[in-house]
Amino acid sequence: MATSSTKKWWKNAIVYQIYPRSFCDSNGDGIGDIPGIISKLHYLKELGVDVIWLSPVYPSPGYDNGYDISDYKGINPEFGTMEDMEKLISRAKRLGIKIIMDLVINHTSDEHEWFKKALAGDSKYRDYYYFRDGKGRKAPNNWGSFFGGKAWTKTENGDYYLHLFSKKQPDLNWHNPDVYEEITDIMRFWLDKGVAGFRCDVINIIYKESLENGKRRFALTGKEHYLNTEGCHELIQRFNAEVWSKYKTFIVGETVFVTPDDAKLLSDESRKELDAVFFFEHMDVDSRGVKWFKKAYKPCRLIRILDKWQKALEVPANYLENHDQIRSVNHFGNTGKFWEKSAKLLCGLNLCLKGLPFIYEGEEIGMTNGDFRGLRDLKDVESASVNQAMKRLLLVHSIRRRLILRTTRDNARTPVQWDSSEGAGFTTGTPWLKINANKSYINVKDEKEDENSILNFYKKMIEYRKGSHALNEGTYRRVASPSDVYIFTRESDEQRLYIYCKVGS
Ligand code: NOJ
């Protein structure tokens with residue numbers, strides 16, 4: 001059993017994700033920023049947050065809202081200055097809140113100095129990326145990109161570079177030892193500034209074992225050559241041994257397409273890789289292979305999946321929302337008559353499961369999907385590329401509109417609703433993304449005042465969780481139940497809890 005000295009500081013933490021662009025705008029330019037986050041630290045403290053996962057705040061041309069980094073040691077002027085960032089770290093620390101930063105190391109922006117030098121022909125930097133000659137008039141291989149379309153783009157010189165995401169996000173070549181040196185130097189830079197760890201973006205695809213053609217699939221042809229490769233495990237072990245372990249960090253990996261067995265390899269304590277991983281199976285509960293094509297959501301399926309992951313992992317990273325997924329009340333609940341009840345149920349579920357609960361900004365007030373009028377309201381690069389890919393499949397506008405609006409990542413990225421005013425207390429200017437009209441009744445100010453609100457339910461649940469031995473230390477066991485009711489126990493030597501969630505309507 002872990003003693004207080006060996007126990008990891010993050011084991012019982014409540015983690016809150018901030019998507020800076022949409023959180024709080026302090027200067028009226030319509031874009032959330034770091035001073036805005038600082039102004040809400042007391043709110044987060046009151047909610048019971050221990051750790052903030054900060055989505056990227058680095059300089060970036062912003063094609064993927066910061067997941068395309070052009071300078072890993074700076075701060076995007078849209079969000080503030082390095083001084084602001086240092087202030088955020090120290091103010092949060094004073095309140096007992098730690099900050100983990102998003103670390104995007106599968107790719108850089110094409111506007112990063114390294115890539116610019118590579119394009120200009122500097123051989124040192126060309127080897128930071130994957131530049132290859134085409135095969136005849138075709139790309140070097142048949143791989144597909146996560147955002148739809150091909151994973152290769154032709155340069156003006158006639159060769160191609162690899163990008164598993166947009167063409168503005170060229171993949172780094174992790175076979176090159178210089179890339180390792182550069183990125184570990186960046187990690188140390190931030191850890192020395194007092195950051196407590198990282199959320200590592202798509203970490204299980206960074207090491208490409210070969211550039212062979214992939215088995216043809218409807219989506220993501222080629223993935224067998226880069227998913228969970230041995231080289232990736234070795235890299236993560238080196239990060240851990242040479243950097244992370246020296247700073248007592250908390251590291252959570254975004255691990256796409258993981259099975260429980262993959263996840264165990266990546267996060268089992270004895271292997272000294274990641275502390276926790278995000279799995280996706282529950283997010284895909286209603287998708288037919290790709291998220292754009294949906295099938296009916298069945299609560300019993302969600303229960304089966306959550307149960308499987310609870311049993312598989314020691315410390316699952318539990319989440320029902322993030323900046324890439326639709327809002328949980330839309331996904332697994334109800335936004336009409338049972339909006340409040342379903343938001344509270346999802347809160348209870350997330351906070352009672354074994355593992356680490358992650359809460360995404362706005363989830364604590366029951367925010368719903370965006371109320372976009374059409375595709376023109378959307379800003380997300382993924383939605384734009386998928387729209388193009390759907391056009392190539394000859395899908396008509398009305399179908400594309402329906403498929404994309406219900407699934408777009410922008411659903412989770414609408415500004416946080418702090419109050420019911422025109423700018424929702426988010427901004428005094430024009431918001432970068434449409435604010436949901438339901439700010440009139442879904443907002444922090446009103447919910448603070450209502451004792452029975454979703455927000456106050458979150459506060460109570462978090463407080464209860466913090467004081468509960470069973471929820472922090474206890475085992476998990478599912479209890480037989482009707483198919484849309486999830487009953488499980490959490491049991492420690494001091495306490496036994498029965499948790500009853502009626503997930504179906
Ligand atoms: C996963 C991030 O969560 C997502 O927002 C981003 O578009 C891709 N990785 C590419 O970095």
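Just follow the structure's listing: the first ligand is 1, and inside any ligand the first atom is 1.
- Evaluated for a side chain to side chain contact (heavy atoms under 4.5 Å, CB included) with Y226, the options I206, L220, N106 yield exactly one hit, L220.
- Under the side-chain hydrogen bond (donor to acceptor under 3.5 Å, both in side chains) test applied with N438, the options N443, T414, T368 reduce to a single match, T368.
- No more than 12 heavy atoms of other residues, nucleotides or ligands sit less than 6.0 Å from atom NZ of K248.
- The existence of a salt bridge linking D286 and R406 is excluded, since no basic side-chain nitrogen approaches an acidic carboxylate oxygen closer than 4.0 Å.
- The immediate protein surroundings of ligand 1, defined as residues with any heavy atom under 4.0 Å of it, consist of D64, Y67, H107, F147, F165, R199, D201, V202, E254, H323, D324, R409, R413.
- When each of I205, L227, D262 is checked for a side chain to side chain contact (heavy atoms under 4.5 Å, CB included) with F257, only L227 meets the rule.
- Pairs of residues two or more places apart, or lying in two chains, that qualify as salt bridge (Lys or Arg N to Asp or Glu O under 4.0 Å) and include a residue from residues 168-179 are D110-K168, E111-K168, K124-D178, D171-K208.
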